[in-house]
Amino acid sequence: GDLSEATQRLLTRVSNLGIPIRRESGRELRRMNASEDAADVLALVGPPPVQSLEELMAADGIVFVLVGLRYPGNVGYILRCLEVAGGAGVVLDNDWEAPQRDEALRVGMCPDRFFPVLDAPSGEAVAAARAAGRRVVALETSGRVSPWEARLVGPLAVIVGSETTGVPRALLEKADEVVAIPVDGFIPSYNVQAAVGIVLGEWMRQNS
């Protein structure tokens with residue numbers, strides 16, 4: 001919409017200082033402001049999202065390593081949930097083209113505005129997690145403990161595999177622990193979105 005003269009002067013000043021400006025809808029500004037009051041401008045204070053695996057693994061919060069996920073909707077859901085929960089960031093290891101990645105970010109409400117979404121081989125991500133002192137947990141139906149039985153405190157990296165083939169065996173062998181979501185029905189596993197949501201909820205509980 002139309003901006004006041006005061007807001008236009010502020011944007012000019014901010015632009016001259018080299019501070020990135022992103023235009024959002026009024027609805028988005030109200031949501032980010034946690035208020036029903038309209039706001040022309042919100043300032044996001046803090047460092048920009050990191051750009052390397054080493055920086056990501058050294059940050060506070062849980063990291064997810066997504067390996068071979070096929071559907072942008074699933075990835076977008078995970079990105080949004082992790083950002084809302086206060087996670088450190090995500091590593092994507094897949095063979096997507098740019099439109100698929102862009103769709104996942106769109107579904108996830110563009111979380112890369114606020115935390116890193118890096119593209120890297122999963123093996124490198126696990127090595128970086130180890131170097132930074134993170135425990136590595138795999139989420140897979142072959143796991144022998146549930147999320148509420150596992151230790152999900154401290155620096156943590158969680159590996160999530162594709163919807164069809166799961167976590168590759170080579171990565172399972174590198175994990176400190178393999179976690180499974182208990183099921184009672186005939187279908188052997190939850191949708192990956194639900195499984196990640198369950199793990200994130202338990203992570204938040206254990207770290208509250």
Side-chain angles (χ1 to χ4, degrees), residues 20 22 28 31-34 42-69 74-94 101 104-140 143 145-161 167 171 174-181 190 192-208:
R22 186 181 182 106
E28 182 74 358
R31 290 174 59 175
M32 291 178 64
N33 196 30
L42 291 177
L44 302 183
V45 180
V50 300
Q51 300 298 320
S52 72
L53 282 175
E54 291 72 24
E55 291 175 300
L56 171 57
M57 296 303 176
D60 294 330
I62 191 171
V63 172
F64 271 71
V65 181
L66 308 183
V67 185
L69 269 71
N74 284 339
V75 172
Y77 177 96
I78 293 169
L79 294 177
R80 179 173 180 175
C81 286
L82 184 59
E83 199 285 323
V84 171
V90 173
V91 180
L92 299 179
D93 180 1
N94 52 30
R101 192 181 194 281
L105 293 174
R106 186 194 66 78
V107 171
M109 301 291 291
C110 301
D112 54 327
R113 295 173 290 172
F114 311 119
F115 77 171
V117 180
L118 305 181
D119 297 284
S122 51
E124 292 183 13
V126 170
R130 288 264 185 244
R134 287 183 179 269
R135 289 183 68 247
V136 177
V137 172
L139 178 57
E140 182 54 74
V145 296
S146 68
W148 33 96
E149 294 170 326
R151 180 173 172 269
L152 302 180
V153 296
L156 193 68
V158 178
I159 307 171
V160 178
V167 178
L171 291 178
K174 294 179 180 180
D176 296 302
E177 196 163 34
V178 181
V179 170
I181 311 296
Y190 291 89
V192 66
Q193 297 182 10
V196 168
I198 291 169
V199 170
L200 270 177
E202 179 61 16
W203 172 75
M204 295 177 71
R205 188 193 69 82
Q206 290 190 25
N207 288 274
S208 63

Is there side-chain contact between Ile181 and Val199, with at least one heavy-atom pair below 4.5 Å? yes
Side chains of Leu92 and Leu69, heavy atoms from C-beta outward: is any pair under 4.5 Å? no
On a heavy-atom basis, the closest approach of Ser122 and Val67 is CB-CG2, 3.7 Å
What pair of heavy atoms forms the shortest contact from Leu56 to Pro116, and how long is it? CD1-CG, 3.7 Å
Specify the closest pair of heavy atoms between Ala129 and Met57, including all atoms of both residues, with the distance to one decimal. N-CG, 3.7 Å
Intermediate values then yes/no, side-chain contact (heavy atoms from CB on, under 4.5 Å), Glu124 and Asp93: CA-CA 10 Å; Glu124 292 183 13; Asp93 180 1; over 6 Å; no
Main-chain N/O of Leu152 paired with Glu177 side-chain donor or acceptor, under 3.5 Å: no
Please report the closest heavy-atom contact between Glu149 and Val145, naming both atoms and the distance. OE1-CA, 3.5 Å
State the CD-CG distance between Glu55 and Leu53, to the nearest 0.5 angstrom. 10.0 Å
Taking the side chain as every heavy atom from C-beta outward, state whether Val192 and Tyr77 have any atom pair closer than 4.5 Å. no
Are any non-hydrogen side-chain atoms of Val126 and Leu171 less than 4.5 angstrom apart? yes
Is there a side-chain contact between Trp148 and Ile198, using heavy atoms and a 4.5 Å cut-off? yes
Mind checking whether Val158 and Trp203 have side chains closer than 4.5 Å, heavy atoms only? no
Can Asp176 and Arg134 be counted as an ion pair, charged N to O under 4.0 angstrom? no
Test side-chain contact (heavy atoms from CB on, under 4.5 Å) applied to Arg113 and Leu44, step by step: CA-CA 10 Å; Arg113 295 173 290 172; Leu44 302 183; 5.7 Å; no
Leu200 vs Ile62, side-chain contact (heavy atoms from CB on, under 4.5 Å): CA-CA, chis, key distance, verdict: CA-CA 9 Å; Leu200 270 177; Ile62 191 171; 4.2 Å; yes
Verdict with reasoning, Val136 to Lys174, per side-chain contact (heavy atoms from CB on, under 4.5 Å): CA-CA 8 Å; Val136 177; Lys174 294 179 180 180; 5.8 Å; no
Just wondering, do Val117 and Arg101 contact through their side chains at under 4.5 Å, heavy atoms? yes
Nearest heavy-atom pair of Val153 and Asn207: which atoms, and what distance? CA-OD1, 3.6 Å
Look at the side chain of Arg135 and the backbone N and O of Arg151, then say whether any donor-acceptor pair between them is shorter than 3.5 Å. yes
Where do Leu105 and Leu79 come nearest, in terms of heavy atoms and distance? CD2-CD1, 3.9 Å
Ignoring hydrogens and angles, tell me if any N or O in the side chain of Glu83 forms a donor-acceptor pair with the backbone of Pro111 under 3.5 Å. no
